[in-house]
Amino acid sequence: MDTKDLCRAIIATALNEFIKEKDSSAAVVDPATIVVQNAPNPEMGDLGSPMFAYAKALRMAPPQIAVGVVAKITDKSIGEFIAVGPYVNVKLNKSDAAAPILKAIKTQGDSYGSLNSEGKKPLEGRRVMIEFSSPNTNKPLHLGHVRNDALGESVSRILKAAGADVYKVDLINNRGVHICKSMLAYKMFHEAAGDTPESLGMKGDHFVGQCYVEFDKYLKGEKDKPETAHPEANQMAEDMLIKWEAGDKEVHALWEKMNGWTFDGMMATYNRTGISFDKYYFESETYLKGKDEILKGLDKGVFFKAPDGSVRIDVTDVVGKGKDEDNHEKVLLRKDGTSVYITQDIGTAISRHDDWAFNQLVYVVASEQNYHFKILFHILKKLGFDWADKLYHLSYGLVNLPSGRMKSREGTVVDADDLIDSLHADALAAIKERGRDSEVGDADEVAEKVALGALHYYMLQATPIKDMLFNPEESLSFNGNTGPYLQYMGARINSILGKAPEAGITPDESDEAVALLTSEDEWALIKQLGDFPTAIEKSAENLDPSTIAAYVYDTAKLFSKFYQTCSIVNAESKQLAGARLYLASCTLQVIKNAMKLVLVPYLERM
């Protein structure tokens, strides 16, 4: 039982005794329901529990309840309880509270913070399927995918740490008109020459993306020369899709070849960035199931056939009355019988639940698709799937460039590979400028990890819903709230630990030594380390990695302050020096564990 749980138990005992005096028939308060949080001001205590929740039942003001509860507390084992306004606060016994925190970190190591190792499993029994990335096979992964991938992978790791059973899936959008556009461009501009990614020295996904841009240029023609446009190209793509759905062998052969190029390229990028999945779903394999479900729903009267022959659903319940009438109907099958995006999403969701019966399915998709997911969830409920209530859209803001929004068809997208290459080059240059290339080991490997840490942390330090402007130079800074700063602090602590034996100092883990860690900065750091499981629980509850990002940044800052004010080498005694070195070791463990959750690679040397 950790300090906060002990605090809950003590307050619950006193609170129930106080309540019984007022109302003998009142229900007993469960200790697990009592809120215990960090006090905003150390002078007011270390932990605090608000009494607002009991004011109505007791017909008393929260400050009166706090005074009454404190008067009933006789257990002083963890510290002094005081009433501060509407709060029951506790000033912890530092020497007694510090040892269990540091001991848990030392004992649990890489698993510290995980709520499984803490004996608490708030998400135990929850099976969470999480879909993220979901690329199209007509272009490479880009900056937008980087944020999506970082969110999906980070949330998955955080949910696992909170005790959930997590299953990561990727929906590969490998069919549709957009795919046919790349295929047409290849046939028009590359097939005769026998061009391949290998012959052109390109990654497969980059080559196919180039074809997609070429199609758009062919469609629109040259600027200021409308006579060079080819508006008929869109119909050509539509015709190719119809052939594809009809099973045309020539179209399918080209489709398989180009999808293979793209998929191989994407896998290389996933491997580079540390993104992985338990299963890949392909729209080409699920869209027919969606069509079947739509036709079943049509027979049941859930959907209707419009005068133009398309199959639709009335979504007035979702969009509300009084809005544009055009928004009250959603097309599910086009008049020619072909699928739309939502059709295959319906089929994919059903297939997934059949494959892995989830308690919750989380879609990590940009906020642009908020309406789409409202409609999708509505349709699945109308079709009678009871698990439709377990669907959740983790909506996140767009990533923009200083020059404006990205448009893949116009070739203004920043490819993920190119972005990482650029960050890598800048990180390597910074290492060499500082004369550290011979000190860090493999400078190229370190530069790659710095680039990934910079990129991922920048994407995760803001709450998901916020739009963001990506600033490469700012992301690579070794000062401030950045991935490289965290990596630097980790390497710095590792260096301190490595050099300490030269001064005759080794970590002292004894309770007697830990009891010496009573200064303000030592205590602030210890309390912060003890809060890591709480940070994970909050982050998992809100599906928000920025909670962990803020936590690890604050931890690094607190260590920096501790190291400035609490010398290890020049400590007042050898025992205190050993205790401080032990604290430094525990801090490094927590920073490493937290960095892993937000996809920042740990570096021993920088």
Side-chain angles (χ1 to χ4, degrees), residues 105 108-118 120-134 141 145-170 269-280 356 358-365 392 394 396 416 449 452-464 483 486-487 490 529 531-556 588-603:
I105 297 169
Q108 296 167 21
D110 292 343
S111 66
Y112 176 72
S114 164
L115 302 182
N116 294 320
S117 64
E118 291 290 313
K120 296 186 292 185
K121 298 182 180 181
L123 300 188
E124 184 177 17
R126 185 183 299 183
R127 289 161 61 87
V128 183
M129 181 179 285
I130 181 164
E131 175 201 287
F132 59 101
S133 198
S134 302
L141 299 172
H145 286 112
V146 172
R147 187 177 196 191
N148 186 302
D149 291 349
L151 276 170
E153 183 67 35
S154 181
V155 167
S156 297
R157 295 182 186 185
I158 291 165
L159 287 172
K160 284 182 181 179
D165 187 6
V166 179
Y167 196 74
K168 300 183 291 182
V169 299
D170 189 1
T269 305
Y270 285 145
N271 291 335
R272 182 180 189 184
T273 54
I275 305 299
S276 65
F277 298 93
D278 297 302
K279 183 167 183 175
Y280 295 93
W356 198 78
F358 49 76
N359 301 126
Q360 184 180 31
L361 170 54
V362 177
Y363 293 89
V364 183
V365 183
Y392 180 78
L394 177 52
Y396 65 90
K449 290 182 178 180
L452 292 174
L455 184 58
H456 287 152
Y457 189 80
Y458 201 96
M459 295 294 159
L460 297 173
Q461 48 85 27
T463 55
L486 299 178
Q487 291 172 315
L529 300 183
D531 282 341
F532 187 37
T534 301
I536 289 178
E537 186 172 0
K538 180 181 178 183
S539 183
E541 180 183 347
N542 298 323
L543 301 178
D544 185 357
S546 71
T547 300
I548 301 298
Y551 171 85
V552 67
Y553 176 56
D554 288 342
T555 304
L588 178 59
Q589 183 68 67
V590 173
I591 286 177
K592 286 168 64 177
N593 293 0
M595 285 169 60
K596 185 175 181 181
L597 294 180
V598 288
L599 318 186
V600 178
Y602 166 67
L603 290 169

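These values consider heavy atoms only, across backbone and side chains, with no hydrogens, waters or symmetry-generated copies.
Tyr270 and Ser133 share a donor-acceptor pair across their side chains, judged by distance under 3.5 Å alone.
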Worked verdict on His456 versus Thr273 for side chain to side chain contact (heavy atoms under 4.5 Å, CB included): CA-CA 9 Å; His456 287 152; Thr273 54; 4.2 Å; yes
Evaluation steps, side chain to side chain contact (heavy atoms under 4.5 Å, CB included), between Leu543 and Tyr392: CA-CA 11 Å; Leu543 301 178; Tyr392 180 78; 3.5 Å; yes
From CA spacing to verdict: side chain to side chain contact (heavy atoms under 4.5 Å, CB included), Gln487, Val600: CA-CA 8 Å; Gln487 291 172 315; Val600 178; 3.6 Å; yes
Stepwise side chain to side chain contact (heavy atoms under 4.5 Å, CB included) test for Ser276 and Glu153: CA-CA 8 Å; Ser276 65; Glu153 183 67 35; 4.2 Å; yes
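Considering CZ of Arg126 and CG of Asp165, their distance stands at 12.0 Å, rounded to 0.5 Å. Ile105 contributes atom CD1, which lies 8.0 Å from atom CD of Gln589 (distance to the nearest 0.5 angstrom). Atom CG of Leu452 is separated from atom CZ of Arg272 by 7.0 Å, given to the nearest 0.5 angstrom. Here the OH atom belonging to Tyr551 is positioned 9.0 Å from the OG1 atom belonging to Thr534, to the nearest 0.5 angstrom. For the atom pair Met595 CE and Thr555 OG1, the distance stands at 12.0 Å (nearest 0.5 Å). Rounding to the nearest 0.5 Å places CD1 of Ile158 at 12.5 Å from NZ of Lys160.
Each of Phe277, Tyr396, Tyr167, Tyr363 was compared with Phe132 under the ring-ring contact (aromatic ring centres under 6.0 Å, His included) criterion, and only Phe277 meets it.
Judged by distance alone, with hydrogens and angles left aside, the side-chain atoms of Asp278 form no donor-acceptor pair with the main-chain N or O of Val169 at under 3.5 Å. Side chain of Asp170 to backbone of Ser134: a donor-acceptor contact under 3.5 angstrom is found.
The aromatic rings of Phe532 and Tyr112 sit tilted, their planes meeting at an angle between 30° and 60°.
No more than 12 heavy-atom neighbours from other residues, nucleotides or ligands sit within 6.0 angstrom of NZ on Lys596.
For the residue pair Leu460 and Ala549, the shortest heavy atom distance occurs at O-CB, 4.1 Å. The heavy-atom pair separating Gly274 from Arg157 by the smallest distance is O-NH2, 3.6 Å. Taking all atoms of both residues into account, the shortest heavy-atom contact from Ala161 to Ile536 is CB-CG2, 3.9 Å. Between Ile275 and Asp149, the shortest heavy-atom distance links the atoms CD1-O, 3.7 Å. Thr547 and Ala535 get closest at one heavy-atom pair: CG2-O, 3.7 Å. Considering every non-hydrogen atom in both Val364 and Asn148, the closest pair reads O-ND2, 2.9 Å.
Between Pro545 and Leu597 the shortest side-chain heavy-atom distance does not fall below 4.5 Å.
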